[in-house]
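Below, chains carry the letters A, B, ... as their sequence lines are ordered, and counting in each starts from 1.
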Number of protein chains: 2
Amino acid sequence: MASPQPPYPASARSADDDVLRHFSARERIAARGGRVTRTRLAVLEMLQHGSHPLSHDEIGDALASAGVAHDRVTLYRALDWLVEQGLARRIAGGERAWRFEGVRDAAHRHAHFHCDRCGQVVCLEGLEPAPATALPNGFQVERAELVLHGQCATCGHGDEEARPR
Amino acid sequence: MASPQPPYPASARSADDDVLRHFSARERIAARGGRVTRTRLAVLEMLQHGSHPLSHDEIGDALASAGVAHDRVTLYRALDWLVEQGLARRIAGGERAWRFEGVRDAAHRHAHFHCDRCGQVVCLEGLEPAPATALPNGFQVERAELVLHGQCATCGHGDEEARPR
DNA sequence: GGTCTTGTTGCAACATTGTAGCATTAGGCG
DNA sequence: CGCCTAATGCTACAATGTTGCAACAAGACC
Ligand SMILES: [Mn+2]
Ligand SMILES: [Mn+2]
Ligand SMILES: [Zn+2]
Ligand SMILES: [Zn+2]
């Protein structure tokens with residue numbers, strides 16, 4: 001998990017360093033031997049600062065609003081790469097599209113809440129998905145995904161204000 | 001949840017009855033005021049007897065093998081209807097397609113295991129997803145979905161025999 | 001059993017989300 | 001500055017659902 005990638009830069013640093021001090025998105029990308037490109041950089045910065053997981057589509061819109069030109073496919077590939085490198089995480093909200101969030105602490109996993117009215121997903125930092133359980137023989141768990149479904153605070157305000165999507 | 005649908009048959013029965021005695025798929029469909037059609041009937045029978053959740057595609061293949069002619073869209077609609085009626089449940093495996101399973105006990109929820117090698121999903125009847133937790137203010141949980149990811153018993157046998165999908 | 005009503009089907013067209021192939025561009029090192 | 005090749009930006013394609021609508025058939029009523 002901290003094994004060096006081929007063309008590591010001179011000032012190599014382990015993935016764990018990222019947890020302790022905070023490096024810039026540019027540095028974190030370069031440290032993994034990847035080229036710092038427009039899309040990767042903008043996406044990683046967005047994910048690092050964002051507070052909740054975003055879909056490919058939402059990220060694309062945000063990039064467009066920020067005036068960052070980008071291609072749909074390139075965005076998919078940038079996200080895949082960030083996930084491979086452990087810089088982002090892909091989570092499976094209740095809808096059909098993946099959502100992505102920046103990884104701050106690689107060791108820390110948390111559950112998510114999916115609002116079935118507005119579709120918003122929020123992180124439940126305090127809630128760690130229970131991993132250890134008696135499984136059928138021969139099964140081996142690698143990770144657990146816990147998604148709570150219901151109604152978020154905003155959607156619960158005035159009676160059914162927000163419309164479903 | 002047990003509120004009667006418009007055209008209820010004379011011998012109306014509540015959804016809970018289904019739990020106690022077991023009615024035929026034909027009866028359970030009719031009891032909800034739905035028309036008993038080829039596809040609905042075959043699908044519900046399949047789901048009731050199946051041991052693990054199936055995707056739309058797998059169900060379609062199974063129907064074909066069993067010689068039950070059906071249309072792709074009709075199958076989607078039959079599944080939607082069964083879910084609406086509480087006769088089936090839709091779960092969000094780690095892949096892009098929904099999976100469906102028959103509902104035996106409406107009150108009983110359980111977690112699932114998703115094998116990341118072969119894609120198989122198995123029910124963890126013993127494991128109930130923890131619902132009660134301290135949520136941000138104003139949030140209201142309706143249900144919890146817990147999916148464990150890892151390697152199933154079959155895939156764990158010979159070193160990496162089954163290939164990923 | 002025959003008729004009527006309307007819930008369901010079956011088809012074609014479309015939408016969303018993601019991948020594959022491949023020529024072209026541009027990141028970063030010397 | 002120039003080179004090498006990782007990444008991009010297209011265009012197609014694949015997988016999974018959804019929508020609209022005319023035709024059909026389930027089942028209630030006689
Ligand atoms: Mn999160
Ligand atoms: Mn199950
Ligand atoms: Zn909401
Ligand atoms: Zn497996």
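- Contacts of A/Thr37 with the nucleic acid, taken as non-hydrogen atoms under 4.0 Å apart, involve only primed sugar atoms and P, OP1 or OP2.
- For the pair A/Asp71 CG and D/dA6 C1', the interatomic distance rounds to 16 Å; values are reported in whole Å.
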Can you pull every protein N or O that's under 3.5 Å from an N or O on nucleotides 16-19 of chain C?
from: C/dT17; atom 1: O2; to: B/Arg96; atom 2: NH2; distance (Å): 3.3
from: C/dG18; atom 1: OP1; to: A/Trp98; atom 2: N; distance (Å): 2.8
from: C/dG18; atom 1: OP2; to: A/Tyr76; atom 2: OH; distance (Å): 3.2
from: C/dG18; atom 1: N7; to: A/Arg72; atom 2: NH1; distance (Å): 3.4
from: C/dG18; atom 1: N7; to: A/Arg72; atom 2: NH2; distance (Å): 3.1
from: C/dG18; atom 1: O6; to: A/Arg72; atom 2: NH2; distance (Å): 3.0

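- Remark: A/Glu145 engages A/Arg143 in a salt bridge, criterion side-chain N to carboxylate O under 4.0 Å.
- The interatomic distance linking A/Glu95 (CD) with D/dA15 (P) rounds to 23 Å, in whole Å.
- A heavy atom lying under 4.0 Å from DNA chain C marks none of the residues of residues 41-53 of chain A.
- For B/Tyr76 and B/His56, the gap between ring centers is short of 6.0 Å.
- Judged by distance alone with a 3.5 Å cut-off, a donor-acceptor contact links the side chain of B/Arg77 to the base of C/dG10.
- Closest non-hydrogen pair, A/Pro129 versus A/Leu146, comes out as CB-CB, 3.9 Å.
- Between the P atom of D/dT16 and the CD1 atom of B/Ile59 lies a distance of 13 Å, rounded to the nearest Å.
- In this structure, B/Arg32 places its CZ atom 19 Å from C1' of D/dA26, rounding to the nearest Å.
- Here B/Ile91 sits in one hydrophobic cluster together with B/Val121; the rule is ILVMFWY side chains under 4.5 Å apart, joined directly or through other members.
- Among B/Glu101, B/His52, B/Arg99, B/Glu125, the single residue meeting the side-chain hydrogen bond (donor to acceptor under 3.5 Å, both in side chains) criterion with B/His112 is B/Glu101.
- At whole-Å resolution of the value, CD1 in B/Ile29 and C1' in C/dG7 are 14 Å apart.
- There is a side-chain donor-acceptor pair under 3.5 Å between A/Arg117 and A/Gln151.
- Ring geometry, B/Phe139 versus A/Phe113: the interplanar angle exceeds 60°, so the pair is classed perpendicular (tilted spans 30 to 60°).
- We find that CZ of B/Arg38 is positioned 9 Å from P of D/dA25, with the value rounded to whole Å.
- With hydrogens and angles left out, the side chain of B/Arg35 and the base of D/dG27 share no donor-acceptor pair within 3.5 Å.
- With rounding to whole Å, B/Arg26 atom CZ is found 11 Å from D/dA26 atom C1'.
- The CH2-P distance, from A/Trp81 to D/dA7, rounds to 7 Å in whole Å.
- A/Glu45 and A/Arg26 are not joined by a salt bridge, as no carboxylate oxygen comes within less than 4.0 angstrom of a charged side-chain nitrogen.
- Between A/His110 and A/Leu124, the closest side-chain pair of non-hydrogen atoms is not below 4.5 Å.
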